[in-house]
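Let me begin by presenting the structure, written as structure tokens, before commenting on it.
Letters A, B, ... are given to chains in the order of the sequence lines, protein chains preceding strands, and every chain is numbered from 1. Here the structure is a predicted model, which means the values were calculated and not measured.
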Protein chains: 2
Amino acid sequence: MTAADVDLELPAALGRQLRVDAVRATAAAGSGHPTSSMSAADLMAVLLAGHLRYDVERPDHPGADRLVLSKGHASPLLYAALKAAGAIGDEELLTFRKLGSRLEGHPTPVLPWVDVATGSLGQGPAVGVGMALAGKRLAHLPYRVWVLCGDSEMAEGAVWEAFEHAGHEHLGNLTVIVDVNRLGQRGPTRHGWDLDAYARRARAFGWHTVEVDGHDVAAVDDAYTEAEATTDRPTAVLARTVKGSGVTAVANREGMHGKPLPDPREAIAELGGGADVRIRPAAPPPADGPPRAAAPHPLLPAYDVGDQVATRDAYGRALTALGTARPDVVALDGEVGDSTRTELFAKEHPDRYFECYIAEQQLVAAAMGMQACGWVPYAATFAAFLTRAHDFVRMAAVGRANLNLVGSHAGVAIGEDGPSQMGLEDLAMFRAVPGSTVLHPCDANQTARLVAAMADDGMAGVRYLRTMRGARPVLYEPGEDFPIGGSKLVRSSSGDRVTIAAAGVTVHEARAAADLLAAEGIGARVLDLYSVKPVDAVAVRVAAELTGCVLTVEDHRPEGGLGDAVAEAFADGRPVPLLARLAVRTMPGSATDAQQLAAAGIDAAAIAEAARDLVAAQGTRAA
Amino acid sequence: MTAADVDLELPAALGRQLRVDAVRATAAAGSGHPTSSMSAADLMAVLLAGHLRYDVERPDHPGADRLVLSKGHASPLLYAALKAAGAIGDEELLTFRKLGSRLEGHPTPVLPWVDVATGSLGQGPAVGVGMALAGKRLAHLPYRVWVLCGDSEMAEGAVWEAFEHAGHEHLGNLTVIVDVNRLGQRGPTRHGWDLDAYARRARAFGWHTVEVDGHDVAAVDDAYTEAEATTDRPTAVLARTVKGSGVTAVANREGMHGKPLPDPREAIAELGGGADVRIRPAAPPPADGPPRAAAPHPLLPAYDVGDQVATRDAYGRALTALGTARPDVVALDGEVGDSTRTELFAKEHPDRYFECYIAEQQLVAAAMGMQACGWVPYAATFAAFLTRAHDFVRMAAVGRANLNLVGSHAGVAIGEDGPSQMGLEDLAMFRAVPGSTVLHPCDANQTARLVAAMADDGMAGVRYLRTMRGARPVLYEPGEDFPIGGSKLVRSSSGDRVTIAAAGVTVHEARAAADLLAAEGIGARVLDLYSVKPVDAVAVRVAAELTGCVLTVEDHRPEGGLGDAVAEAFADGRPVPLLARLAVRTMPGSATDAQQLAAAGIDAAAIAEAARDLVAAQGTRAA
């Protein structure tokens with residue numbers, strides 16, 4: 001027996017134990033994915049025993065390697081590894097998938113050793129790119145990012161956005177390990193055990209590749225060493241494995257996905273029985289986290305009331321100022337920085353700007369990876385195209401990520417480009433994300449304050465800012481405060497008979513409508529609900545109480561946006577005022593900004609007409 | 001001058017004219033993308049002059065080649081081509097981007113010669129895969145699918161989902177032409193003029209590739225001929241082009257994206273002036289459309305009241321029966337057919353089943369392509385993972401597509417798998433899509449009828465069906481009718497004091513809650529709003545009128561779902577009843593079905609408690 005053999009005894013034994021614990025945890029739960037865990041057990045064991053630099057006592061160590069379990073359904077493998085590393089005990093392992101347990105069916109950051117939630121397949125490599133970019137280009141730290149993928153998920157486009165990005169950026173600190181066990185959920189994968197099919201694709205995108213028997217611990221060890229030595233390119237380790245490896249009853253058999261083993265006791269015996277292998281990964285090198293400014297408050301650009309400014313311009317300028325004040329702020333864009341105005345930040349802070357090209361999943365995923373490493377990312381593209389990343393946004397919320405997303409070109413007001421470029425469903429998408437904040441400013445000073453607020457330490461979750469293409473007059477003084485969850489009363493008088501609740505471009509239309517109504521003797525108060533979520537329910541209720549009726553108007557579909565937010569302020573059993581809503585119910589074509597607002601029935605004239613009707617209805621009701 | 005030279009005079013002249021018309025149309029509009037049109041002008045001219053088999057008089061000819069302008073912003077090029085082919089006149093060309101014009105900023109099927117809307121980049125190849133699959137595997141017709149892409153959009157993951165799918169299916173009838181003009185919106189693309197970077201990637205995915213000078217009409221002609229001769233694989237024609245080619249002032253210059261030329265008159269002069277080249281593409285061969293059944297009504301599976309059946313099972317069985325009755329129905333799935341139960345259809349109708357693996361954008365895009373060819377597709381995956389295809393769903397609506405999408409594993413009731421697998425934002429996503437229909441049945445007989453209704457000729461737009469993982473008792477007799485936009489009064493009595501509006505699993509919880517309330521002497525009526533959009537506003541209003549208050553309860557986030565749908569029924573200025581809503585406001589972990597419903601506060605006990613509060617509030621109000 002050589003020294004190398006002795007060195008490999010530990011990972012071999014650990015691999016067996018990880019299988020046993022995956023079998024035990026899923027048997028105790030009565031559900032879960034043991035066979036998908038078993039195929040990757042040796043890959044995980046070798047990583048822990050000889051390559052990952054990690055301290056379970058300090059999971060937030062800035063110099064530690066990152067491990068992303070992209071195949072999140074193999075959570076029993078991760079939990080078994082955490083047990084072997086001393087992070088959790090055997091008793092907790094057996095709480096897997098039970099009410100109140102931290103060991104959920106798919107890993108989430110409820111566990112301090114999990115950086116991002118996984119379970120929606122194909123997200124790991126893209127998030128890993130963000131972590132690797134942060135290590136290489138922001139923190140300049142030598143940590144390595146390891147992503148463990150299944151073979152089925154390689155069909156996801158997001159994986160190839162990540163391969164493209166990582167290859168082009170020469171992310172030598174990123175290794176993707178693909179557990180090629182040949183079997184997906186319902187049967188064979190497209191490429192079976194054709195490792196070269198994956199390798200050809202990865203190499204075409206500029207990656208180094210290693211093909212290996214995923215159960216030969218010496219070969220896997222060599223593969224990881226080769227990945228570590230490859231510093232000019234990312235490496236894909238393509239490992240041929242057996243689903244359910246080690247247990248004859250399930251090994252390499254279809255129909256064994258996502259269920260406990262038929263006879264756990266026999267399986268454990270075949271695996272050599274229980275053991276208590278302990279592993280202490282190598283310690284990470286000393287390192288500092290992202291830089292923090294002593295006085296993080298930016299000197300924001302100020303605009304004079306009445307100036308014509310687009311809120312997207314205000315975004316770009318405010319973000320640039322924020323970047324000056326805060327060295328931890330970074331910006332990303334999906335190849336439309338001249339439209340979103342992220343280009344202003346890119347010019348001033350090129351070292352903290354990341355061009356993601358036209359790949360919105362990678363755009364959002366990179367931001368997810370960076371925030372997991374302590375940075376404060378702002379990722380922008382057209383509001384319409386953020387729908388491309390909906391699943392990442394959803395998973396960011398599950399993963400308790402702190403993320404700033406910015407969607408420009410809101411609504412029909414963009415004008416001639418037509419519906420494909422209009423953000424008309426974005427408020428619905430972002431409002432439904434749990435714990436989200438949704439902001440839609442109407443002027444430049446308001447935008448600047450909200451951009452800064454999104455970086456405040458007290459803010460958690462997914463924050464969304466919606467900006468507009470066209471210029472509108474500045475309404476508020478530079479010094480005004482715009483708290484999250486607040487609102488602004490733009491116009492009011494004691495005799496108001498209707499409240500018009502608006503946000504963004506419709507605030508300007510509502511003001512004009514109020515002028516029209518005033519000329520007819522109808523007092524209308526205008527409420528600027530720039531904080532769409534949380535909405536200022538108190539202000540809405542007070543206004544409703546005073547005027548008896550509320551008209552909402554939004555440059556968005558009728559479903560899921562401002563109208564729903566206002567209605568929800570009365571969805572707790574309290575008396576409800578008369579409500580009416582204006583929104584985009586048509587399919588727009590091409591036209592000018594003003595023509596679009598008129599055609600969609602959300603311009604000043606349409607608002608005035610609806611307000612008249614509502615006031616009349618109220619009169620009828622009172623009579 | 002040889003015969004070949006003479007043959008190529010036409011496309012060369014046509015290429016110049018297409019440029020001139022793109023310059024004229026954008027100059028008249030004052031906006032648009034002339035330079036992106038000019039780079040692809042010769043590619044389009046050669047296609048029209050010698051390869052595309054198409055009859056502008058019969059755009060729905062089943063044997064015609066399909067052309068998808070994936071780079072939708074190059075719409076002036078398409079419109080100029082339609083003018084040359086006699087489909088539109090010069091006067092209409094100059095209405096480009098004006099109010100009421102069919103010539104929108106990005107093409108939509110408002111024009112009969114456009115099959116699918118484009119403008120969100122990276123969608124064309126995936127939709128083209130659907131059209132090519134329909135030609136090869138369903139219709140067995142020799143038509144060819146041509147997709148014209150920009151180089152920037154090759155960064156989109158959806159493109160590589162398409163390349164993977166097409167390569168694996170050996171779609172020799174598909175050609176993707178990439179207009180490699182080196183310049184994206186805000187500057188150089190990742191790969192510039194490195195044609196081989198694209199070719200390497202395409203070949204790795206099993207494609208044939210041809211690299212060509214995109215302004216050498218003879219070379220382009222040869223490339224298309226080579227693509228046509230390559231029948232065992234799809235072909236990518238990688239064409240080196242010059243953005244703004246033909247006009248010195250803009251050619252190959254940054255900062256010239258998406259704006260009219262600085263001096264259109266001079267540009268037209270440099271291009272050789274206006275011309276009137278007419279082109280008549282080759283006629284398509286005779287062909288029949290998809291098969292239609294004489295009696296398309298399926299013999300649906302019937303379930304006995306009280307039987308325990310999961311609605312996902314009912315979906316799979318109903319779809320299978322529908323497939324037997326209707327030869328134009330096809331099914332697609334994202335590698336979870338054993339979970340969604342699409343596997344039942346796949347087993348019975350393997351020739352009309354399409355496995356899309358874990359690639360949800362391709363899944364939805366394939367269905368978009370197939371419906372454009374006259375088929376009736378049903379595409380299914382977990383509701384949660386349909387968020388991956390949000391942008392495709394949005395564009396399907398812009399493209400007036402008739403599309404059936406099915407999301408299984410709705411809500412927290414899925415149990416142990418945890419939040420990554422729970423469809424909790426899907427109703428918000430689908431309700432916000434214009435013209436959509438959103439259905440959420442609670443029992444098996446209801447599911448069967450709704451599955452069949454989705455294929456009815458009268459139904460247009462995006463139809464979404466939400467199914468559940470767990471079994472629940474059958475509530476309705478097999479013969480009952482469930483019209484779209486209808487509802488069912490599950491329980492009522494004359495003394496009802498509260499209405500509980502529910503859908504899916506919460507109908508069952510609401511029934512149990514009504515039992516609890518009845519025992520306390522509180523009459524509660526239960527309304528099954530299986531049609532979430534359009535919601536049965538009349539039934540909701542009648543129930544509200546009778547009981548004075550309405551409690552909505554849904555296994556979905558509070559935003560954008562059933563609660564909002566009910567609130568919207570009162571958003572037209574009519575008096576509003578007392579409203580309250582129960583929904584999933586927590587971040588679920590793992591637990592059993594019943595534990596999840598309880599933890600989220602949407603089970604029978606929580607409903608009964610909220611109903612009591614609402615009834616008490618009503619009493620206070622009355623007093």
Point to revise | Among the listed options A:Ala155, A:Gly418, A:Gly560, the residue most often paired with chain B at heavy-atom distances under 4.5 Å | key: A:Ala155

Point to revise | Pairing of A:Arg581 and B:Asp572 as salt bridge, 4.0 angstrom limit | key: no

Check your understanding: Atom OG1 in A:Thr387, atom CZ in B:Phe392: separation rounded to 0.5 Å?
Key -> 10.0 Å

Revision key, fill the gap. Applying a strict 4.5 Å limit to non-hydrogen atoms, the region of A:Leu614 in contact with chain B is side chain

Check your understanding: Relative to chain B, which segment of A:Gln362 carries a heavy atom at a distance below 4.5 Å: side chain, backbone, both, or neither?
Key -> neither

**Study point:** Interface residues of residues 96-104 of chain B facing chain A - heavy atom cut-off under 4.5 Å
**Key:** B:Arg97, B:Lys98, B:Leu99, B:Gly100, B:Glu104

Point to revise | Most chain A-contacting option - heavy-atom pairs closer than 4.5 Å, from B:Gly334, B:Ser339, B:Ser75, B:Gly206 | key: B:Ser339

Point to revise | Criterion ring-ring contact (aromatic ring centres under 6.0 Å, His included) against B:Trp160, the qualifying member of A:Trp160, A:Phe163, A:Phe205 | key: A:Phe205

Practice item. Return the option, out of B:Met154, B:Gln595, B:Arg394, with the maximum number of heavy-atom pairs under 4.5 Å with chain A. Key: B:Arg394

Practice item. Select one option (side chain, backbone, both, neither) describing which atoms of A:Ala384 are under 4.5 Å from chain B's heavy atoms. Key: both

Review point. What part of A:Arg557 gets closer than 4.5 Å to chain B, counting heavy atoms only: side chain, backbone, both or neither?
Key: side chain

Check your understanding: If we only count heavy atoms from C-beta on, is the A:Met429 to A:Leu386 side-chain gap below 4.5 Å?
Key -> yes

Point to revise | Heavy-atom pairs under 4.5 Å with chain B, option from A:His165, A:Arg200, A:Met395 with the top count | key: A:His165

Exercise for review: Kindly indicate whether the side chain of A:Thr26, heavy atoms from C-beta on, has any atom under 4.5 Å from the side chain of A:His33.
Suggested key: no

**Study point:** Min side-chain heavy-atom separation A:Phe570-B:Val576 under 4.5 Å
**Key:** no

**Study point:** Residues forming a side chain to side chain contact (heavy atoms under 4.5 Å, CB included) with A:Ala199, sequence neighbours excluded
**Key:** A:Asp196, A:Arg203, A:Thr209, A:Glu211, A:Leu238

Check your understanding: Mind checking whether B:Glu156 and A:Arg388 have side chains closer than 4.5 Å, heavy atoms only?
Key -> yes

Point to revise | A:Ala117 portion near chain B, given a 4.5 angstrom heavy-atom threshold | key: neither

Revision key, fill the gap. Residue from A:Ala158, A:Pro575, A:Ala565 scoring the most non-hydrogen pairs under 4.5 Å with chain B is A:Pro575

**Study point:** Contact origin within A:Thr118 toward chain B - heavy atom pairs under 4.5 Å
**Key:** backbone

Check your understanding: Does the side chain of B:His191 pick up a donor-acceptor pair with the side chain of A:Glu164 at under 3.5 Å?
Key -> yes

**Study point:** Residue among A:Leu551, A:Thr108, A:Asp338 with most heavy-atom pairs under 4.5 Å to chain B
**Key:** A:Asp338

Check your understanding: By a 4.5 Å heavy-atom criterion (distance strictly below it), what part of A:Gln361 contacts chain B: side chain, backbone, both, or neither?
Key -> side chain

Practice item. Pick one of side chain, backbone, both or neither for A:Thr189, based on which atoms fall under 4.5 Å of a heavy atom in chain B. Key: backbone

Point to revise | Residue among B:Gln185, B:Glu425, B:His168 with most heavy-atom pairs under 4.5 Å to chain A | key: B:Gln185

Point to revise | Pair B:Glu355 + A:Arg186, salt bridge at N-O below 4.0 Å | key: yes

Study note, to complete from the structure: So, the part of A:Pro188 with a heavy atom under 4.5 Å from chain B: the answer is backbone

Review point. Angle class for the A:His73/A:His257 ring planes (parallel below 30°, perpendicular above 60°, tilted otherwise)?
Key: tilted

Study note, to complete from the structure: Most heavy-atom pairs under 4.5 Å with chain A, out of B:Gly105, B:Gly187, B:Pro434, B:Ala428, belong to B:Pro434

Check your understanding: Between A:His106 and chain B, which part of the residue has a heavy atom less than 4.5 Å away: side chain, backbone, both or neither?
Key -> both

**Study point:** Heavy-atom pair count under 4.5 Å with chain B, highest-scoring of A:Ala126, A:Gly184, A:Ala610
**Key:** A:Gly184

Practice item. Please determine which of A:Arg431, A:Lys533, A:Arg574 meets the salt bridge (Lys or Arg N to Asp or Glu O under 4.0 Å) test together with A:Glu568. Key: A:Arg431

Practice item. Could you pull out all residues at least two apart from A:Glu161 that satisfy salt bridge (charged side-chain N to carboxylate O under 4.0 Å, His left out)? Key: none

Check your understanding: Taking A:Gly589, A:Ala567, A:Ser31, A:Ala616 one by one, which has the highest count of heavy-atom pairs under 4.5 Å against chain B?
Key -> A:Gly589

Practice item. May I ask you to decide if A:Leu121's main-chain N or O and A:Glu153's side chain share a donor-acceptor pair within less than 3.5 Å? Key: no

Check your understanding: For the candidates B:Gly258, B:Ala359, B:Cys356, B:Ala583, which exhibits the highest count of non-hydrogen atom pairs separated by less than 4.5 Å from chain A?
Key -> B:Ala359

Check your understanding: What residues form a salt bridge (charged side-chain N to carboxylate O under 4.0 Å, His left out) with B:Asp426, not counting sequence neighbours?
Key -> B:Arg466

**Study point:** chain A contact via B:Glu360 - side chain, backbone, both or neither, heavy atoms under 4.5 Å
**Key:** both

Check your understanding: Does the B:Ser436 side chain pair with the main chain of B:Ala432, one donor and one acceptor, at a distance under 3.5 Å?
Key -> no

Point to revise | Greatest number of heavy atom pairs closer than 4.5 Å to chain A - which of B:Asp417, B:Val398, B:Leu578 | key: B:Asp417

**Study point:** For B:Ala580 against A:Gly573, the heavy-atom pair lying closest together
**Key:** CB-N, 4.1 Å

Review point. Contact part of A:Glu169 toward chain B, heavy-atom cut-off under 4.5 Å: side chain, backbone, both or neither?
Key: neither

Check your understanding: Could you walk me through whether A:Val336 and A:Asp333 pass the side-chain contact (heavy atoms from CB on, under 4.5 Å) check?
Key -> CA-CA 7 Å; A:Val336 287; A:Asp333 202 278; 3.4 Å; yes

